[in-house]
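For reference, positions follow the sequence shown, starting with 1.
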Amino acid sequence: MSAIEDIRTFLAEKQGGHEVWSGFANYTGSQRQSLGLKADELHAFVAQLVRAYGKQMTGAEWLDLLDTLYDGQTFEEAALAGLLLGRLHAVRRALPLDRFDRWLGTLQGWAEVDTTCQNNFKPSDLLDRWDEWDAFLRALSVDANINKRRASLVLLVTPVRTSDDPRLIALALELAEHHAPERDKLIVKAVSWVLRSAIKHHREEVASFLDAHGESLAKLVVREVRGKLDTGKKG
């Protein structure tokens, strides 16, 4: 058996065994078929897969597997790809950004984007290759694909929440300012998220940003970020 064969067997065994919510596509924004699997099932399977193949497969082989999953027809394949990326530390740190850009181009809706981008990338992943990542995130922020624009913000959520490095907050605020005029909820919620996440280490910078750009930001962003600044919770 290979890793991709194990994945296909796992998904085939699960197909038809779960009730699929009728509102799934509208809620997540993903038009891929959903098998209705729960998050804990996917997490458990990914942990098992990495234990079984982590030392057997080369970085190139893992990248090829991720190619296959991101091109898959089901939501669960995209989700498995994102969860795998989070566990494959060496692969992620050396990730070719042109390949990552292609993967991001396959994603549909907030759930797929966030599974790949939210918690996977640590501050060191970006800072150790800062010139590359800085240019990459800036390019994503002006891409015609709204899912890539969301990714440009969500990729910074964990780094600004867990690091006080000035490069991270400076870029996050620059991208938040760039996206301030947008009103699509995919972007509005991501702007709010990255600003709220930055408060732990960058309170003064976020407060000053809100004062300077409050009129151009969506009302939801102002309310949630102001609430977080004032009470520690979303407004």
Side-chain angles (χ1 to χ4, degrees), residues 1-59 61-95 99-100 102-104 106-126 147 150-151 153-162 186 189-190 193-194 196-197:
M1 291 284 283
S2 65
I4 189 59
E5 288 171 334
D6 276 354
I7 291 170
R8 288 171 176 157
T9 298
F10 169 73
L11 294 177
E13 289 174 348
K14 297 295 185 180
Q15 190 159 10
H18 295 69
E19 182 177 352
V20 179
W21 176 39
S22 61
F24 176 84
N26 286 337
Y27 176 64
T28 64
S30 175
Q31 300 305 308
R32 303 191 212 220
Q33 176 191 5
S34 171
L35 304 180
L37 273 66
K38 305 299 182 185
D40 58 351
E41 294 178 277
L42 297 175
H43 279 279
F45 177 72
V46 166
Q48 173 187 323
L49 197 72
V50 172
R51 284 195 299 271
Y53 295 98
K55 295 181 179 180
Q56 296 181 25
M57 293 173 60
T58 65
E61 288 171 332
W62 282 114
L63 290 173
D64 289 343
L65 176 61
L66 290 167
D67 280 341
T68 299
L69 291 174
Y70 278 114
D71 288 336
Q73 299 300 306
T74 67
F75 172 82
E76 282 75 10
E77 287 168 281
L80 287 171
L83 295 175
L84 269 173
L85 190 59
R87 286 181 173 268
L88 299 172
H89 306 299
V91 172
R92 194 178 64 250
R93 286 194 294 270
L95 183 62
R99 200 156 187 170
F100 188 40
R102 196 189 73 76
W103 295 344
L104 292 176
T106 70
L107 301 179
Q108 305 173 25
W110 68 265
E112 292 189 12
V113 171
D114 295 0
T115 301
T116 284
C117 299
Q118 177 185 354
N119 289 317
N120 288 345
F121 292 88
K122 313 310 180 198
S124 60
D125 292 332
L126 276 60
N147 296 296
R150 180 179 174 91
L153 295 162
V154 178
L155 282 163
L156 286 165
V157 165
T158 294
V160 297
R161 187 179 66 239
T162 57
L186 275 178
K189 291 183 177 182
W193 193 8
V194 75
R196 286 183 283 111
S197 297

- So does Lys189 have more than 12 non-hydrogen atoms from other groups sitting under 6.0 Å from NZ? no

- Task: Not counting sequence neighbours, which residues clear ring-ring contact (aromatic ring centres under 6.0 Å, His included) with Trp193? List them please.
- Result: none

- Mind jotting down which residue pairs meet the salt bridge (charged side-chain N to carboxylate O under 4.0 Å, His left out) criterion with at least one end in residues 68-90? Sequence neighbours excluded, please. Asp71-Arg102

- Message: Run the ring-ring contact (aromatic ring centres under 6.0 Å, His included) test against Phe121 and tell me which residues pass, sequence neighbours left out.
- Response: Phe100, Trp133

- For Arg93, all residues meeting salt bridge (charged side-chain N to carboxylate O under 4.0 Å, His left out), sequence neighbours excluded: none

Please report, to 0.1 Å, the donor-acceptor pairs under 3.5 Å made by any side chain of residues 34-41, with sequence neighbours excluded.
from	atom 1	to	atom 2	distance (Å)
Ser34	OG	Gly36	N	3.1
Glu41	OE1	His18	NE2	3.0
Glu41	OE1	Lys38	N	2.9
Glu41	OE2	Lys14	NZ	3.2
Glu41	OE2	His18	NE2	3.0

- Task: For His89, enumerate each residue passing the side chain to side chain donor-acceptor pair (under 3.5 Å) test, keeping only those at least two apart in sequence or located in another chain.
- Result: Arg92

- Query: Are any of the side-chain heavy atoms of Leu104 and Val113 separated by less than 4.5 Å?
  - Reply: no

- Task: Would you kindly say whether Ser30 and Glu112 are connected by a side-chain donor-acceptor distance under 3.5 Å?
- Result: yes

- Message: Tell me every residue that passes salt bridge (charged side-chain N to carboxylate O under 4.0 Å, His left out) with Arg8, counting only those two or more places apart in sequence or in another chain.
- Response: none

- Message: If the condition is side chain to side chain donor-acceptor pair (under 3.5 Å), which residues does Asn120 pass it with, not counting sequence neighbours?
- Response: none

- Message: I'd like to check the ring-ring contact (aromatic ring centres under 6.0 Å, His included) partners of Trp62; sequence neighbours left out, ordered by chain and number.
- Response: none

- Item | Gap separating the CD atom of Gln15 from the CG atom of Leu11, nearest 0.5 angstrom | 8.0 Å

- Carboxylate-amine/guanidinium contact Arg99 Asp64, below 4.0 Å: yes

Listed pairs under 3.5 Å, donor-acceptor, residues 78-85 side chains, sequence neighbours left out:
none

- Pairs satisfying ring-ring contact (aromatic ring centres under 6.0 Å, His included), at least one member in residues 28-57, at least two apart: Phe10-Phe45

- By side chain to side chain donor-acceptor pair (under 3.5 Å), which residues pair with Thr116, not counting sequence neighbours? Tyr70

- Task: Please check if atom CD in Glu5 has more than 12 non-hydrogen atoms from other residues, nucleotides or ligands closer than 6.0 Å.
- Result: yes

- Message: Using side chain to side chain contact (heavy atoms under 4.5 Å, CB included), reason through Leu126 and Leu156 one step at a time and then give a plain yes or no.
- Response: CA-CA 9 Å; Leu126 276 60; Leu156 286 165; 4.0 Å; yes

